Amino acid sequence: PEWWEKFPYAKYHNCYDYAMGRFNFAEQDKTQPGSLNGAEFSDEIYTCDMIEARMSDDYPDARKVLFEEKCNDREYKIAMLVAPGETPLKLRSDFHFMRQDSNGLWSHKSGENMPIDTDGDNKPINAPHTANRNTGLYNYSDLCGYWCVKRKNIPVSIGATNEITT
């Protein structure tokens, strides 16, 4: 997550962009699962199956794996989570993504906030399935699974790219 501290457009990228290594200087709308292929989001109730299908439309090379499985050298691991139903604040359900960093720990980004590498108890995330996934606003109680996704080149300035460090 350290790279993001120098990234002035972090507020335009969400957990999905962060986990998938998608950075776009031209867009100010956060990407939603499926939106790269035209899917639109509404106030529907999200499920693991729905979010997985939409993510697969956007990233067909992402492959579902068990937590214990290793990704190859050209990939890194992400986790998909869902907060089902209504929340205590009567907001709609929500989805969330985390990614495994090069140090083996996990990090995530909520909305316009900077990425963090701690859970709901402010503890380092060793594994999403053992972390406290209740943020107070949402309880991401449904762990949908883990995927290996291809590393991307990240634009660090217009016209230049650097390989992602995860």
Side-chain angles (χ1 to χ4, degrees), residues 1-5 7 9-24 27-37 39-59 62-67 71 75-101 103-150 152 154 164 166:
E2 300 84 19
W3 182 82
W4 280 79
E5 293 172 9
F7 187 58
Y9 299 94
K11 68 181 180 178
Y12 303 129
H13 296 81
N14 60 9
C15 64
Y16 187 52
D17 293 323
Y18 178 74
M20 301 310 274
R22 183 177 187 279
F23 303 91
N24 190 331
E27 293 179 17
Q28 294 188 4
D29 291 327
K30 298 169 185 71
T31 308
Q32 305 297 322
S35 65
L36 297 177
N37 280 299
E40 294 186 19
F41 270 65
S42 63
D43 287 335
E44 58 200 318
I45 301 297
Y46 302 136
T47 66
C48 288
D49 289 343
M50 173 199 302
I51 301 302
E52 180 177 351
R54 290 181 179 188
M55 181 191 75
S56 295
D57 287 344
D58 289 342
Y59 298 98
R63 53 188 186 88
K64 196 166 188 177
V65 296
L66 299 173
F67 175 77
C71 297
E75 299 173 321
Y76 60 98
K77 196 175 291 180
I78 66 165
M80 179 194 308
L81 311 139
V82 167
E86 291 190 6
T87 68
L89 298 178
K90 303 298 181 200
L91 300 173
R92 61 177 169 72
S93 63
D94 194 38
F95 62 86
H96 195 58
F97 287 83
M98 296 180 171
R99 74 172 199 200
Q100 189 173 33
D101 296 317
N103 63 4
L105 298 176
W106 291 75
S107 61
H108 58 112
K109 181 181 184 311
S110 295
E112 296 182 359
N113 298 320
M114 297 302 288
I116 59 173
D117 56 6
T118 55
D119 68 6
D121 291 327
N122 205 31
K123 294 180 181 175
I125 303 169
N126 295 304
H129 59 272
T130 61
N132 178 352
R133 301 184 306 268
N134 189 338
T135 67
L137 183 59
Y138 292 107
N139 182 10
Y140 297 99
S141 59
D142 293 355
L143 176 61
C144 305
Y146 297 95
W147 283 261
C148 290
V149 297
K150 290 186 176 180
K152 315 278 187 309
I154 299 175
I164 190 168
T166 57

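Every value quoted in this text rests on a predicted model; they were computed, and no experiment measured them.
In this view, Thr118 and Asn122 satisfy the side chain to side chain donor-acceptor pair (under 3.5 Å) rule, not counting sequence neighbours. Here Lys123 pairs with nothing under the salt bridge (Lys or Arg N to Asp or Glu O under 4.0 Å) rule; sequence neighbours left out. In terms of the side chain to side chain donor-acceptor pair (under 3.5 Å) criterion, residue partners of Tyr146 (sequence neighbours excluded) are, by chain and number, His129. Residues forming a side chain to side chain contact (heavy atoms under 4.5 Å, CB included) with Lys64 (at least two apart in sequence, or on another chain): Glu52, Trp147. Remark: Asn37 pairs with Asp57, Asp58 by the side chain to side chain contact (heavy atoms under 4.5 Å, CB included) rule, at least two apart or across chains. Legend: residues meeting side chain to side chain contact (heavy atoms under 4.5 Å, CB included) with Thr130, ordered by chain and number and at least two apart, are Ala127. When the side chain to side chain contact (heavy atoms under 4.5 Å, CB included) test is applied to Cys148, the partners found at least two apart in sequence or on another chain are Arg63, Val65, Cys71, Glu75. By the ring pair (Phe, Tyr, Trp, His ring centres under 6.0 Å) test, His96 pairs with His108, Tyr140, sequence neighbours left out.
A cation-pi arrangement, defined by a distance under 6.0 Å to the six-membered ring centre and an angle within 45 degrees of its axis, is present between Lys77 and Phe67.
Between Val149 and Tyr76 the shortest side-chain heavy-atom distance falls below 4.5 Å. A heavy-atom distance below 4.5 Å is not found between the side chains of Met20 and Leu36. Inter-residue side-chain proximity for Tyr59 and Arg22 is flagged as met; some heavy-atom pair is nearer than 4.5 Å.
When each of Ile125, Asp119, Leu81 is paired with Arg133, the side chain to side chain contact (heavy atoms under 4.5 Å, CB included) condition holds for Leu81 and for no other.
Atoms CZ and CD1, from Phe95 and Ile51 in turn, are 5.5 Å apart once rounded to the nearest 0.5 Å. Atom SG of residue Cys15 and atom CE of residue Met98 lie 9.5 Å apart, to the nearest 0.5 angstrom. Of the inter-residue distances, the one linking Asp101 atom CG with Asn103 atom CG reads 5.5 Å to the nearest 0.5 angstrom.
Taking both residues in full, the closest heavy atoms of Ile78 and Phe97 are given as CD1-CD2, 4.1 Å, listed atom of the first, atom of the second, then distance. Across Ser93 and Ala83, no two heavy atoms sit closer than the pair CB-O, 3.0 Å. Nearest heavy atom pair, residue Met114 against residue Lys109, reads C-CG, 4.3 Å. Taking each heavy atom of Tyr46 and Val82 in turn, the nearest pair found is O-CG1, 3.5 Å.
Note on residues 112-145: pairs passing disulfide (SG to SG under 2.5 Å), not counting sequence neighbours, are Cys48-Cys144.
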